[in-house]
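Quick caveat, the model's predicted, so the values are computed rather than measured. The sequence lines fix the lettering, A, B, ..., with proteins before strands; numbering per chain opens at 1.
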Protein chains: 2
Amino acid sequence: MLRISKKAEYGMIALQRIAQSGETVAAKEIAEDFGISFDLLAKVLNQLSKAGLLIAYHGIQGGYALAKKPTDITVADILVILEGTLRITDCADHSHEECGCSIDAKCSIKTPMQLIQERMKNVFESMTLADMIVKTQTVQLHSIQI
Amino acid sequence: MLRISKKAEYGMIALQRIAQSGETVAAKEIAEDFGISFDLLAKVLNQLSKAGLLIAYHGIQGGYALAKKPTDITVADILVILEGTLRITDCADHSHEECGCSIDAKCSIKTPMQLIQERMKNVFESMTLADMIVKTQTVQLHSIQI
DNA sequence: ACAATATAGGACTGAAATAGTCGTATATAT
DNA sequence: ATATATACGACTATTTCAGTCCTATATTGT
Ligand code: SF4
Ligand code: SF4
């Protein structure tokens with residue numbers, strides 16, 4: 001329920017990894033490092049590069065590099081690319097075209113749900129890749145201090 | 001992706017309906033009004049009454065009545081009852097016990113995800129059943145004025 | 001040229017969550 | 001009694017999600 005997909009998680013982990021390395025990183029390396037499926041990760045990275053978040057280099061010494069600054073990549077961007085349009089209900093986008101839901105016209109929760117979706121969107125938009133790196137490093141420092 | 005389940009939607013619609021009527025309402029009436037599955041709605045209302053949001057009356061003239069004031073019922077309450085604990089990732093609850101995820105120890109997005117979950121929780125907690133009714137009525141007024 | 005390496009892309013499978021159905025038991029007002 | 005309404009568990013169907021497999025294409029180094 002209200003789960004973030006593994007694809008999105010892998011995408012965020014990979015982007016963070018690439019951002020921190022500062023150079024091109026191969027999918028194989030990331031998959032091995034974190035012990036996750038190479039095939040699935042490859043699909044994710046491909047989607048991210050098609051969407052313009054990564055630049056892909058083929059061949060030997062190839063891999064992926066960031067196409068944007070970490071401050072210009074938000075969690076919302078990543079979710080939209082890897083999970084499709086963010087929609088908490090069938091009807092909760094602003095295109096007021098048929099939503100397919102049987103209730104539709106009689107529905108009394110449409111507006112509240114749109115409001116909630118808007119606020120969720122804000123949450124996802126307000127965290128960038130750069131923020132994620134800082135948060136993680138802070139915690140790593142803390143665990144060293146303790 | 002990040003969808004609110006039909007069960008939760010039905011729950012919110014039913015609660016709103018019951019709140020606005022002010023008296024006990026039978027599941028059958030709600031199901032017919034909105035054209036949704038009676039069996040599924042019955043299950044939902046049963047869960048809500050077991051959780052203490054509704055009082056159930058058996059027999060003729062029976063039905064469900066609110067057990068709390070609309071200002072004391074949040075969207076978060078409803079989601080937790082009908083969809084289980086709100087968790088956007090396998091590990092994003094505060095019980096730092098094994099999360100089952102293979103990445104776990106090496107994972108660099110745990111903390112950011114927990115932060116996002118916390119903010120989402122705030123969004124859901126900050127809207128009550130009473131708010132939902134007001135939002136809906138406002139829109140109904142608007143559509144009359146236009 | 002050629003072999004090694006890395007991404008690109010589609011088809012496919014298995015597992016899990018969601019949505020919905022059905023049958024039966026229990027409580028209660030009239 | 002009986003009609004009505006909730007309670008509850010088992011079951012099925014549908015859809016999503018996660019993961020695999022195979023083949024094609026691009027690039028680099030020798
Ligand atoms: S019309 Fe209402 S019930 Fe249907 S998808 Fe939209 S919010 Fe959900
Ligand atoms: S450890 Fe990381 S990848 Fe695994 S569930 Fe938690 S956040 Fe997701």
Worksheet item: In terms of side-chain geometry, is the basic nitrogen of Asp33(A) or Arg17(A) positioned less than 4.0 Å from the acidic oxygen of its partner?
Response: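 Judged by the 4.0 Å cut-off on N to carboxylate O distance, Asp33(A) and Arg17(A) do form a salt bridge.
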
Tabulate atom names and distances for all N/O pairs under 3.5 angstrom spanning the protein and nucleotides 27-30 of chain D.
none

Discussion item. Can you tell me if Tyr10(A) touches the phosphate of dC17(D), counting only side-chain N or O atoms and a distance under 4.0 Å to OP1 or OP2?
Written reply: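 Looking at the OP1 and OP2 atoms of dC17(D), neither is under 4.0 Å from any side-chain N or O of Tyr10(A).
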
Worksheet item: Asn46(B) side chain N/O closer than 4.0 Å to the phosphate oxygens (OP1, OP2) of dT6(D)?
Response: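 Asn46(B) to dT6(D) OP1/OP2: no side-chain N or O under 4.0 Å.
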
Worksheet item: So which heavy atom on Ala67(A) is nearest to which on Gly52(A), and how close?
Response: CB-O, 3.5 Å

I'd like to know if the side chain of [X] reaches the main chain of [Y], judged simply by a donor and an acceptor atom lying under 3.5 Å from each other, with no hydrogens or angles considered.
| X | Y | result |
| --- | --- | --- |
| Arg3(A) | Arg87(B) | yes |
| Asp131(A) | Thr128(A) | yes |
| Glu83(A) | Ile4(A) | no |

At 4.0 Å (heavy atoms only), tell me whether [X] reaches a base, stays on the sugar-phosphate, or touches nothing.
| X | answer |
| --- | --- |
| Ala26(B) | sugar-phosphate |
| Lys50(B) | sugar-phosphate |
| Asp39(A) | base |

Worksheet item: When rounded to the nearest 0.5 angstrom, what is the spacing between SG in Cys91(A) and CD1 in Ile103(A)?
Response: 9.0 Å

Worksheet item: Roughly how far, to the nearest 0.5 Å, is the OG1 atom of Thr24(B) from the OH atom of Tyr57(B)?
Response: 7.5 Å

Hey, are the side chains of [X] and [Y] touching, using non-hydrogen atoms and a 4.5 Å cut-off?
| X | Y | answer |
| --- | --- | --- |
| Ile88(A) | Gln114(A) | no |
| Leu86(B) | Phe124(B) | yes |
| Met127(B) | Thr74(B) | no |

Worksheet item: Listed in order of residue number, which residues of residues 75-85 of chain A have a non-hydrogen atom at under 4.0 Å from DNA chain C?
Response: none

Worksheet item: What is the 5' to 3' range of DNA chain C, first to last nucleotide, that sits under 4.0 Å from any heavy atom of chain A?
Response: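 Taking any atom under 4.0 Å from a heavy atom of chain A, the span is dA4(C) to dT18(C).
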
Discussion item. By nearest heavy atom, map Lys6(B) and Val25(A) onto DNA chain C; which one lands nearer the 5' end?
Written reply: Val25(A)

Worksheet entry | Distance-only donor-acceptor check, side chains Ser108(A) and Gln16(B), under 3.5 Å |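 Gln16(B) and Ser108(A) do have a side-chain donor-acceptor pair below 3.5 Å.
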
